[in-house]
Number of protein chains: 2
Amino acid sequence: MPVSTRCARSAAKRDAILDAACAVFLEQGYAAASMDAVAARAGVSKATIYAHFTDKDDLFGAVIRARCERNRTFAPVGPALDARATLTMVGRRLLELLLQPDTLAVYRLVTAEAPRQPELARAFYESGPGTGKAEIARMLVDLGRRGLLAVEDPWRMADLFTGMLRADLFMRTLLGLPQPEGSSIDQAVAAAVDTMLRAFAPSPAGAAG
Amino acid sequence: MPVSTRCARSAAKRDAILDAACAVFLEQGYAAASMDAVAARAGVSKATIYAHFTDKDDLFGAVIRARCERNRTFAPVGPALDARATLTMVGRRLLELLLQPDTLAVYRLVTAEAPRQPELARAFYESGPGTGKAEIARMLVDLGRRGLLAVEDPWRMADLFTGMLRADLFMRTLLGLPQPEGSSIDQAVAAAVDTMLRAFAPSPAGAAG
DNA sequence: GTCTATAGCCAGATAGAC
DNA sequence: GTCTATCTGGCTATAGAC
């Protein structure tokens, strides 16, 4: 059997372990997840896991980092739209991503383990909230250049916008609570976008709003 | 020995257990916290803990509920101030509370365990974010009545305001990351308040902003 | 690299005396 | 109610054959 085939087999098992570990960690949490469960789900023996990863922490780190890499592509904005359309599109895409069960599970895991694994917390922030914020800031700069929005400090504005997007909807979903009547992604996005437009409308006469 | 003394002794031990458990859970997380550690810290035996609480889950629930009760008093607003002063005062108090290490630790604990303990998550939400939101909505209604702010939907406005307050500062602190230069509570509050005032300034001529 | 089997440990929960 | 001592189970990690 050629070496490449052996390597491919081994890499395939490694991937299977990573996938299984991801599922188990996300479902059960770090401490409650057992290496037995991961092995069973991956269809390998526990010893095989320890051949690929030094210990549970190492496996956990690999899982989180892999997920962070995957979410890096937050996509370009597309054609030139007006301020409302741009903010709405980006806002909805961000909020939909944030509310996905997997995203929430990773968020729970990383925040819970952050005090014990600060390096992992940093990697998560940079690949998640960090890049998201940078994307939004870039979009705001673009809107500012085109005279569609009064943009002084794009980073702070990105903070304000993402903060408004999350607001209560994110918290309730994170906690697994039922959403109250009349609470939807579209409405949350619309409220945030409206507020941004009202607060940062460009001043045609040069007067401050 | 009179009954009341025995009861008092027992209640004192119960409180000691709750305090110790709170510290251990907040420091180590739910799963990593051991009943031995709680017993040692409380100065009692493990058996005594099980005389007061049926199991670890029960103890955990009691700890979280006790903390929730304590934070219920979010205090009245005080004298009648203008919109900026009121928003700034309330905003700073809320953000300072949110960024306290203990508050963050409880947040990490509850969100991590929410999928497994939905009832606890609900209790946390109602005594924490829920009452905070209600307080702020009430304050907004007051500002609206006094003609200092254009308040249509106070609950949604409360969402937007608290969302902007948290924004990046909360996330970074939650993850234990160092704060970037020029990032402070005062600045975060000022940015959120400015945005609120710009977006929801009362319209003297009755025209919509 | 991969398996089976197991070492070694630690934590949650209990028994029984007082 | 409170203690000491212990049971029991599951977990991480490894040894050794292939």
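Proteins come first, then strands; the chains are lettered A, B, ... in the order of their sequence lines, and each starts at number 1.
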Identify whether the distance between the nearest side-chain nitrogen and carboxylate oxygen of B:Asp102 and B:Arg67 falls below 4.0 Å. yes

Applying side-chain contact (heavy atoms from CB on, under 4.5 Å), can you list everything that pairs with A:Pro115, at least two apart in sequence or on another chain? B:Arg108

N-O pairing of B:Asp142 and B:Arg146 below 4.0 Å: yes

The side chain of A:Ser34 is closest to which nucleotide in this list: D:dC11, D:dT2, C:dC3? D:dC11

Would you kindly give the CD1-to-C1' distance between B:Ile17 and D:dC3, to the nearest whole Å? 13 Å

Can you tell me if CD on B:Glu152 sees more than 12 non-hydrogen neighbours from other groups inside 6.0 Å? no

What contact category does A:Ala33 fall into here, base, sugar-phosphate, or nothing, at under 4.0 angstrom with non-hydrogen atoms? sugar-phosphate

Test: B:Glu69 and B:Arg65 ion pair at under 4.0 Å: no

For A:Ala39, answer base if it contacts any base atom (sugar-phosphate contacts may also be present), sugar-phosphate if it contacts only those atoms, and nothing otherwise; contact means non-hydrogen atoms under 4.0 Å. nothing

Encode nucleotides 13-18 of chain C as B, S and - characters from 5' to 3', where the letter depends on protein heavy atoms closer than 4.0 Å: B to the base, S only to sugar-phosphate, - to neither. BBB---

Select one nucleotide: of C:dC3, D:dC3, D:dG1, the one nearest the side-chain heavy atoms of A:Lys13. C:dC3

Heavy-atom donor-acceptor pair, A:Arg166 side chain to B:Met164 backbone, under 3.5 Å: no

Whole angstrom value for the distance that separates P of D:dC11 from CD1 of A:Ile49: 13 Å

Interatomic distance, A:Leu59 CG vs D:dA13 P [rounded to whole Å]: 10 Å

Does B:Thr48 place a side-chain N or O at less than 4.0 Å from the phosphate oxygens OP1/OP2 of D:dG1? no

